[in-house]
Amino acid sequence: MKKYLVIGNPVDHSLSPQLHNYWIKKNNISAIYDKEELNNNDLKNLILRIKNKQISGANITVPFKKEIISYLDRLSPEAEGTNSVNTVYLENDKIVGHNTDIEGFEFAIKYTKYDIAEKEILILGAGGVVSSIIYALKRMRASKIILSNRTKNKAEDMKILFKNLSIINWGQLPNFDMIINATSVGLKKEDKLNLDFSKIKNKFFYDVIYNPKETNFLKNAKNFGNKTENGKKMFIYQAAASFKMWHGIKPEINEDVNKFLDQ
Ligand code: ATR
């Protein structure tokens with residue numbers, strides 16, 4: 001039986017096993033998807049386990065999406081362009097790293113029917129997922145991408161990968177069409193960003209967080225008359241893209257899938 005894994009630290013909260021195992025069963029595939037909490041010095045061994053086919057593929061999550069790159073033989077253009085890998089597999093005895101977070105975000109936005117083209121987007125945060133979001137926004141032809149992070153030099157560093165980013169100070173609130181919370185503020189139900197959005201309406205507020213389902217960021221935005229969306233679809237679509245790469249089958253995204261992620 002083939003074995004797949006999500007690795008991270010921490011990884012206990014990850015819903016990837018539930019989702020992948022649901023699709024594995026639905027499609028009568030003989031495989032199992034597990035999770036492992038690893039440390040930096042386990043990464044080399046993980047790659048060895050993939051090379052000798054003990055493991056057929058792995059999803060990489062926080063904090064290893066960048067770290068894993070030095071152990072890989074080849075990167076897809078998307079992984080290269082974001083310096084971020086969330087999906088690893090073996091191809092002709094070479095370990096390949098790919099990034100399906102980009103597709104995850106892109107499909108999630110398309111699902112909402114919001115047209116990114118010519119829009120000005122403000123991103124809060126500069127953590128692991130942000131390079132994938134910027135890559136997707138550029139592919140969808142956003143006219144301007146503004147980045148604001150509490151630690152400003154982390155936002156500045158993003159310019160190495162993407163020219164033409166506007167970097168602003170944390171706390172500033174410029175005009176935007178769409179704002180994306182990519183910080184970890186909101187993971188705890190009581191978390192609040194110290195920014196005042198009370199005068200903003202008819203914009204699109206997107207939160208990468210999907211658990212809790214509605215962060216204060218989204219709750220307040222909705223109350224002030226804005227369109228909102230959480231990160232659930234992004235999570236589902238990135239998983240679906242990994243599944244397709246490994247098993248050659250496009251998995252069904254149905255109500256069951258939506259439901260068990262809401263638990
Ligand atoms: P990753 O491992 O994906 O990089 P991370 O580093 O935990 O995740 O990223 C979390 C993001 O949330 C960062 O942009 C972080 O800002 P800093 O770079 O300044 O640490 C942001 N963040 C976390 N707590 C925050 C807070 N209380 N206020 C504002 N931003 C915060």
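Ligands are counted one by one from 1 in listed order, and the atoms in each one are counted from 1 as well. Throughout, residue positions are numbered sequentially from 1 according to the sequence presented.
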- Item | salt bridge (charged side-chain N to carboxylate O under 4.0 Å, His left out) evaluation trace for Glu78 with Arg139 | CA-CA 11 Å; Glu78 288 84 355; Arg139 203 149 78 178; 3.7 Å; yes
- Item | Electrostatic pair Lys65:Asp101 at N-O distance under 4.0 angstrom | yes
- What protein heavy atom is closest to atom 6 (O) of ligand 1, reported as residue, atom name and distance in Å? Lys154 NZ, 3.5 Å
- Query: At what distance is the nearest protein heavy atom to atom 20 (O) of ligand 1, and which residue and atom is it?
  - Reply: Arg150 NH2, 2.9 Å
- Which protein non-hydrogen atom lies closest to atom 17 (P) of ligand 1, naming both residue and atom, and how far is it? Thr151 OG1, 3.4 Å
- Looking at Trp170, which atoms of ligand 1 are within less than 4.0 Å of one of its heavy atoms? 29 (C)
- Message: Taking the basic N atoms (NZ, or NE/NH1/NH2) and the acidic carboxylate oxygens, is any pair closer than 4.0 Å for Glu36 and Arg49?
- Response: yes
- Inspect the surroundings of NZ in Lys144 and state if more than 12 heavy atoms from other residues, nucleotides or ligands are less than 6.0 Å away. no
- Taking the minimum heavy-atom distance to atom 9 (O) of ligand 1, which of Gly127, Ala126, Gly125 ranks first? Gly127
- heavy-atom search around atom 7 (O) of ligand 1 in the protein gives Ser184 OG, 4.5 Å
- Do me a favour and list the nearest non-hydrogen protein atom to atom 1 (P) of ligand 1 with residue, atom name and distance? Gly128 N, 3.3 Å
- Sort out for me which residue in Leu173, Asn149, Leu122 forms a side-chain contact (heavy atoms from CB on, under 4.5 Å) with Ile168. Leu122
- Query: Mind checking whether Asn149 has an N or O less than 3.5 Å away from an N or O of ligand 1?
  - Reply: yes
- Message: Can you tell whether the side chains of Lys51 and Asp73 come within less than 4.0 Å, N to carboxylate O?
- Response: yes
- Task: Answer yes or no: does atom NZ of Lys159 have more than 12 heavy-atom neighbours from other residues, nucleotides or ligands under 6.0 Å?
- Result: yes
- Of all the heavy atoms in Pro63, does at least one lie under 4.0 Å from an atom in ligand 1? no
- Message: I need the atoms of ligand 1 closer than 4.0 Å to a non-hydrogen atom of Val62, numbered in the order shown.
- Response: 2 (O)
- Query: For atom 11 (C) of ligand 1, what's the nearest protein heavy atom and its distance?
  - Reply: Thr183 CA, 3.8 Å
- Message: Within a 6.0 Å radius of atom CG on Asn175, are there more than 12 heavy atoms belonging to other residues, nucleotides or ligands?
- Response: no
- Enumerated ligand 1 atoms positioned under 4.0 Å from heavy atoms of Val185: 24 (N), 25 (C), 26 (C), 27 (N), 28 (N), 31 (C)
